[in-house]
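What follows is one structure encoded as structure tokens, with my remarks underneath.
Both counts, for ligands and for their atoms, begin at 1 and track the order of listing. For this chain, numbers begin at 1 and follow the sequence in order.
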Amino acid sequence: MLAAARAAQKVDEAAFGGPGAVKVIAPAKVNLFLGIGQRRPDGYHEALSVMHALTMHDVLRMRLAPAQPEGPAGLSIALDCRVAEGLPPLDVPPEDNIVSRAIRRLAEAIVRSEREQVSVLLEKRIPAEAGLGGGSSDAAAALVGAAQLWGLAADDPRIEEVARTLGADVPFFLHGGCAVLDGAGDAFVRELAPMGSPVVLVRPAGGVSTAAAYRAFDECPVPVPASDRDAALAAARAQDVPLRNNLATASESLLPALADVRAWAEACPDVQQALMSGSGSAVFALCDTFEAAGRAAAQARLRGWWAHATTFGRVRAAAVPSR
Ligand SMILES: C[C@@](CO)(OP(=O)(O)O)[C@H](O)COP(=O)(O)OP(=O)(O)OC[C@H]1O[C@@H](n2ccc(N)nc2=O)[C@H](O)[C@@H]1O
Ligand SMILES: Nc1ncnc2c1ncn2[C@@H]1O[C@H](COP(=O)(O)OP(=O)(O)O)[C@@H](O)[C@H]1O
């Protein structure tokens with residue numbers, strides 16, 4: 001049965017090879033530093049953020065083909081989403097998936113009106129509503145893939161313009177590595193020297209909606225000490241950034257299991273430091289060695305939590321060879 005499923009998957013993946021096809025990786029991120037400030041008139045909050053990409057990633061296989069003559073005029077998108085074992089299915093229909101929205105929005109921005117179909121096979125390994133930027137990274141990867149399929153230059157400014165309209169975190173994934181961002185957390189300030197060290201991601205059952213976390217923050221805002229902001233702004237390397245997140249209290253109020261994960265990480269001998277990423281619900285834990293990271297992940301799984309050992313990386317949403 002498993003062999004038959006694997007064979008079927010191979011056939012599908014083979015359909016995404018050759019000319020007119022592209023494979024794109026969409027890495028996860030964590031926020032080494034997140035300092036949320038005032039709510040702005042547009043509803044977004046000021047945010048000083050230091051994001052670091054991880055080598056753990058989703059995969060998008062994309063293909064461009066002329067549409068069926070009897071099909072709709074203009075662009076049609078066929079999205080097939082496969083979720084890794086142990087993760088719940090996505091709660092959005094394919095047409096509302098941020099991947100479909102990204103491709104449609106780029107087509108509009110470049111005024112592309114060809115009658116054609118973009119097919120996407122999205123392999124999800126990054127859990128949703130985890131503060132790991134999975135949807136945002138998929139969106140950036142979809143823009144990179146569609147740009148390549150349509151022959152746009154990789155540095156065409158419309159790609160980044162469209163990225164900003166899709167979400168505050170999306171532009172980061174076009175740069176990747178480690179970066180300081182300000183504005184609403186969407187404006188690139190500068191790059192930091194990235195790390196390559198091991199990190200364990202731990203997520204209790206249940207996610208945190210980003211919008212709900214910001215609402216909870218407004219009810220009880222926690223300021224970030226100026227000295228921490230200064231240290232984040234002064235850092236030259238990822239490892240010099242102080243690990244802080246002033247959204248964590250708000251997210252813990254929405255998902256109390258987050259406090260259990262924090263307490264576990266503080267007591268775990270294999271964990272050096274830990275912090276909730278973004279609005280949660282994943283916590284990332286720094287470990288000295290890959291062995292320690294593997295042990296910590298195994299311990300977290302024994303408690304019934306999702307856990308994954310990975311590494312920080314100098315990676316971004318990028319096309320890769322398909323084999
Ligand atoms: C908290 C962070 C930290 O990196 O990430 P996640 O935890 O979502 O991964 C980000 O600020 C999230 O960015 P992103 O997930 O792209 O959010 P968006 O889709 O743009 O916005 C979702 C909602 O969050 C709120 N929002 C987002 C960003 C911001 N600076 N201020 C806000 O108030 C708004 O209510 C908005 O409607
Ligand atoms: N490709 C996608 N991957 C993940 N979530 C998606 C995707 N497309 C749309 N979504 C929606 O976005 C929500 C937030 O997803 P995600 O970006 O993974 O979380 P976070 O903002 O915590 O990093 C999901 O609950 C889902 O409803």
Is atom 18 (O) of ligand 2 less than 4.0 angstrom from some protein heavy atom? yes

Going by the atom numbers of ligand 1, which of them fall below 4.0 Å from some non-hydrogen atom of Ser279? 1 (C), 6 (P), 7 (O), 8 (O)

CZ-CG distance between Arg125 and Leu132, expressed to the nearest 0.5 angstrom: 14.5 Å

Any atoms of ligand 1 less than 4.0 Å from a non-hydrogen atom of Gly278? List them with their elements. 3 (C), 7 (O)

If you look at every heavy atom in Ala146 and Leu106, which pair is closest and at what distance? CB-CD2, 4.1 Å

Which is closest to atom 19 (O) of ligand 1 in terms of heavy atoms, Gly183, Ala282, Gly167, Ser209? Gly167

Hey, is Gly131 one of the residues with a heavy atom under 4.0 angstrom from ligand 2? yes

Nearest to atom 10 (N) of ligand 2, what protein heavy atom do you find, and at what distance? Val92 CG2, 4.0 Å

Provide the closest heavy-atom pair for Pro242 versus Phe33 in the form atom of the first, atom of the second, distance. O-CD1, 3.5 Å

Between the candidates Lys124, Lys29, Glu129, Arg101, which shows the shortest non-hydrogen contact distance to atom 13 (C) of ligand 2? Glu129

Between the CZ atom in Phe284 and the OG1 atom in Thr310, the distance rounded to the nearest 0.5 Å is 13.0 Å

Are Gly43 and ligand 1 in contact, using a heavy-atom cut-off of under 4.0 Å? yes

If you measure every N or O of Ala168 against every N or O of ligand 1, does any of those distances drop under 3.5 Å? yes

Closest non-hydrogen protein atom to atom 5 (O) of ligand 1, residue and atom name please, with distance? Asp169 OD2, 2.9 Å

Any chance you could measure Arg190, atom CZ, to Cys178, atom SG, to the nearest 0.5 Å? 9.0 Å

Can you tell if the side chain of Phe173 reaches within under 4.5 Å of the side chain of Val144, non-hydrogen atoms only? no

Geometry only, no angles: is Val208 polar-contacting ligand 2 at N/O separations under 3.5 Å? no

Less than 4.5 Å apart, side chain to side chain, heavy atoms only: is that true for Leu192 and Leu32? no

Atom 16 (P) of ligand 2: of Gly280, Ala26, Gly135, the nearest heavy atom sits on Gly135

How close do Leu174 and Glu160 get, counting heavy atoms only, and between which atoms? CD1-CA, 3.9 Å

Over all atoms of both residues, closest heavy-atom pair of Leu247 and Asn245: N-OD1, 2.8 Å

Counting both backbone and side chain atoms, is some N or O of Tyr214 under 3.5 Å from an N or O of ligand 1? yes

My understanding is that we take every heavy atom of each candidate and find the minimum distance to atom 24 (C) of ligand 2. Doing that for Asp91, Thr210, Val120, which one comes out nearest? Asp91

Only heavy atoms of Asp138, strictly under 4.0 Å: list the atoms of ligand 2 that pass. 1 (N), 2 (C), 3 (N)

As an exercise, identify every atom of ligand 1 less than 4.0 angstrom from a heavy atom of Asn31. 3 (C), 4 (O)

Specify the protein heavy atom at minimum distance from atom 8 (N) of ligand 2: its residue, its atom name, and the distance to 0.1 Å. Ile98 N, 3.0 Å

Within the structure, does Ala184 bring an N/O atom to less than 3.5 angstrom of an N/O atom in ligand 1? yes

Considering non-hydrogen atoms only, spot the tightest contact between Trp306 and Leu87 and give its length. NE1-CD2, 3.6 Å

When distances are taken from atom 12 (C) of ligand 1, the protein heavy atom at minimum range is Thr210 CG2, 3.6 Å

Which residue owns the protein heavy atom closest to atom 23 (O) of ligand 2, what's the atom, and how far is it? Gly133 N, 2.8 Å

Would you say Ser251 and Ser279 are linked by a side-chain donor-acceptor pair, where the criterion is simply a distance under 3.5 Å? no

Have a look at ligand 2 and work out which part of Ala130, if any, has a heavy atom under 4.0 Å from it: side chain, backbone, both or neither. backbone

Is the count of non-hydrogen atoms from other residues, nucleotides or ligands lying under 6.0 Å from Arg316 atom CZ greater than 12? no

Distance from atom 33 (O) of ligand 1 to nearest protein heavy atom, with residue and atom: His45 ND1, 2.7 Å

Counting only heavy atoms, tell me which of Asn97, Val99, Leu132, Ile126 gets closest to atom 1 (N) of ligand 2. Asn97

For atom 37 (O) of ligand 1, the protein heavy atom that lies nearest, with its residue and separation: Tyr44 OH, 4.2 Å

Just to be sure I'm reading this right: ignoring hydrogens, which of Leu90, Leu60, Val83 gets closest to atom 5 (N) of ligand 2? Compare them by their nearest heavy atoms. Leu90

Exceeds 12 heavy-atom contacts within 6.0 angstrom, atom CD of Glu266: yes

Check this for me: Gln38, atom CD, are more than 12 non-hydrogen atoms of other residues, nucleotides or ligands nearer than 6.0 Å? no

Is it true that Lys29 lies under 4.0 Å from ligand 1, counting heavy atoms only? yes

Taking atom CZ of Arg158 as the centre, does the number of heavy atoms from other residues, nucleotides or ligands within less than 6.0 Å exceed 12? yes

